Amino acid sequence: MTELNKQLHYIYDEVLRRNPGEAEFHQAVLEVLSSLGPVVAKHPQYTSVIQRMCEPERQIIFRVPWVDDAGNVQINRGFRVEFNSALGPFKGGLRFHPSVYIGIIKFLGFEQIFKNSLTGLPIGGGKGGSDFDPKGRSDGEIMRFCQSFMTELYRHLGEYTDVPAGDIGVGGREIGYLFGQYKRITNRYESGVLTGKGLSWGGSQVRTEATGYGAVFFADEILKTSGDSFEGKRAVVSGSGNVAIYAIEKIHQLGGTVVACSDSSGYVVDEKGIDLDLIKEIKEVKRERIEAYATARGGDTKFVSGRLTWDVPCDVAVPSATQNELTGEDAARLVKAGGKIVAEGANMPCTPDAVKVFAEAGVKFAPGKAANAGGVATSALEMQQNASRDSWSFEYTEQRLATIMRGIHDRCLATADEYGAPGNYVVGANIAGFIQVADAMLAMGVI
Ligand code: NDP
């Protein structure tokens, strides 16, 4: 275990005791606590706040019954963890994936507190989802599931209370069904209650692209610190979902070439650069497996079944699939293959061992809570547009996103400097994210 001082050690032990079996949540808490030693040394008044921050304000677990196409009743479990509302309404996505359980939702909700704080926008942290597996389900089944899910969840939501969005398995289609059911039950057209909406009914330009674009803007800021750019760089992106596709798009726009991407069945290597139109067609329209990309692309493009092992030569890596997908061994391969910058598009895709390998090898590493904050930041911009009944242009919104990402990057670096860890984005992100929430909690008393 990473060295913690006595007080932080006690807090971590309490988290282990109170949340048994929630490995991902333990991992996320330890990652943050490991950065906070210098903060409590300098400001002891924060210690009690840290303990409160590790306990969600509210956790909701509910039954989601629905009827499949064959007429059978199916039962899933729904979750919403409202973690911290010191800075604004709970805000964070919904994940539909069979691996979902309370420990995953709590890790994601906990991360979200600091990420949302880093954006500088007035949003608290939360997360939700279900162990529902959308793969292979018809549109009708997805709709009935979403309607049942919202029939319970709606009572906990509101534009000033809790504002969900998408995550793994929840994209524009699902947000549409969820919003439709919320509107129907409440008889309110409350645009600000969900983000990631369609452009014709309250959505924001750039929200679809925001997480992937934002991660690449962050990596670009890292490159700029040494006078470099994406021009001519090779990159590898894992996943081929929402975050991955738009990370690929932005890297190509900035002059780099993405040569590999993946899904849970395997990965493709395309030395000419991933064909964006083709990957969008296969993943967003046809919802096929990644092998279909290699088949359709032909030539030397190869499909490799099994998990991406990060040994494809590259300068920059943007892991954008899921938690703990890049292990210590993978990190060693990535370093050997030339990787110099890693920006996490996904939440916690690199294991603690991997992060250690990067630190030892001098790889510049941007943690997800900073690098992938562009998604939630643009969700907050969507809320702003909804509140003022306005809609902004693509160019203006993208410029706002780029400015926010630059701000997060600079704040991480400045904070890392201030606390004696120059160039360490992990320390910078954890401390900067923490202090803003902690100050707000202290100001509001013991609540
Ligand atoms: P999508 O569902 O759109 O895509 C997920 C991608 O990752 C798919 O290619 C999927 O493959 C792959 N994947 C998922 N689980 C696994 C697994 N266990 N092993 C291997 N591959 C897997 O999700 P998003 O792109 O929205 O989210 C990706 C990551 O980014 C998540 O960590 C999410 O929390 C994070 N994130 C997302 C944001 C957003 O705005 N969407 C905002 C901030 C962070 P397959 O289809 O085969 O399952």
Side-chain angles (χ1 to χ4, degrees), residues 64 76 78-81 89-100 104-105 107-109 111-112 115-116 119 123 125-135 137 139 142-143 145-147 149-150 153-154 157 159 162-182 191-215 239-247 249 263 280 283-285 287 320-323 345-347 349 368 372-383 385-386 397 401:
V64 189
N76 286 101
F79 302 90
R80 187 72 183 163
V81 172
F90 304 105
K91 180 89 197 87
L94 298 171
R95 175 176 293 191
F96 292 169
H97 192 272
S99 63
V100 164
I104 296 254
I105 299 300
F107 121 63
L108 290 164
E111 286 281 290
Q112 200 81 42
K115 179 189 309 193
N116 293 4
T119 67
I123 39 180
K127 201 81 187 188
S130 171
D131 57 2
F132 172 69
D133 187 357
K135 272 201 201 83
R137 292 292 177 190
D139 276 357
I142 301 278
M143 181 183 76
F145 174 81
C146 289
Q147 290 179 338
F149 185 85
M150 185 53 89
L153 189 65
Y154 86 96
L157 306 184
E159 62 180 316
D162 187 350
V163 184
D167 191 79
I168 291 177
V170 179
R173 174 181 58 171
E174 291 74 20
I175 294 292
Y177 295 145
L178 292 164
F179 184 75
Q181 185 72 351
Y182 182 88
S191 301
V193 77
L194 277 174
T195 58
K197 300 181 293 295
L199 290 178
S200 59
W201 44 279
S204 173
Q205 295 283 358
V206 195
R207 177 61 191 89
T208 304
E209 295 84 356
T211 309
Y213 276 23
S240 49
N242 172 265
V243 178
I245 285 177
Y246 293 95
E249 181 164 291
D263 68 13
K280 284 185 184 176
K283 285 297 177 181
E284 294 182 337
V285 182
R287 299 178 192 270
S320 304
T322 194
Q323 66 276 354
N347 284 309
N372 72 34
V376 75
T378 309
S379 276
L381 300 183
E382 182 173 331
M383 291 160 74
Q385 292 168 77
N386 294 151
T397 317
L401 170 63

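Quick caveat, the model's predicted, so the values are computed rather than measured. Starting from 1, each residue takes its place in the sequence as its number.
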Give the minimum heavy-atom separation between [X] and [Y], together with the two atoms involved.
X    : Y    : answer
S320 : G345 : OG-CA, 3.8 Å
T211 : G375 : OG1-CA, 3.1 Å
C146 : F96  : SG-CE1, 4.0 Å
D133 : R137 : O-CG, 3.5 Å
P89  : V163 : CB-CG2, 4.4 Å
S130 : N76  : OG-CB, 3.7 Å

Tell me if a side-chain donor or acceptor on [X] pairs with a main-chain N or O of [Y] at a distance below 3.5 Å.
X    : Y    : answer
N372 : G214 : no
E382 : K197 : yes
N116 : V376 : no

Is any side-chain heavy atom of [X] less than 4.5 Å from a side-chain heavy atom of [Y]?
X    : Y    : value
R173 : R287 : yes
R207 : T397 : no
N386 : E159 : no
Q112 : V81  : no
L157 : M150 : yes

Side chain to side chain contact (heavy atoms under 4.5 Å, CB included) between K127 and D167, worked out: CA-CA 9 Å; K127 201 81 187 188; D167 191 79; 3.0 Å; yes
Worked check of side chain to side chain donor-acceptor pair (under 3.5 Å) between S204 and Q385: CA-CA 8 Å; S204 173; Q385 292 168 77; 2.9 Å; yes
Chi angles and distances behind the side chain to side chain contact (heavy atoms under 4.5 Å, CB included) call for D263, K283: CA-CA 10 Å; D263 68 13; K283 285 297 177 181; 2.7 Å; yes
In Å and rounded to the nearest 0.5 Å, what is the [atom1] to [atom2] distance from [X] to [Y]?
X    : Y    : atom1 : atom2 : value
L194 : D162 : CG    : CG    : 9.5 Å
F149 : F79  : CZ    : CZ    : 9.5 Å
L108 : R95  : CG    : CZ    : 4.5 Å
L153 : L94  : CG    : CG    : 6.5 Å
D131 : H97  : CG    : NE2   : 11.0 Å
L199 : Q205 : CG    : CD    : 5.0 Å

Test log, rule side chain to side chain contact (heavy atoms under 4.5 Å, CB included), inputs F107 and N347: CA-CA 9 Å; F107 121 63; N347 284 309; 4.0 Å; yes
Polar side chain donor-acceptor pair, E249 to Y213, under 3.5 angstrom: yes
Stepwise side chain to side chain contact (heavy atoms under 4.5 Å, CB included) test for Q181 and Y177: CA-CA 6 Å; Q181 185 72 351; Y177 295 145; over 6 Å; no
Plane angle bin for F132 and F145 - parallel if under 30°, tilted between 30 and 60°, otherwise perpendicular: parallel
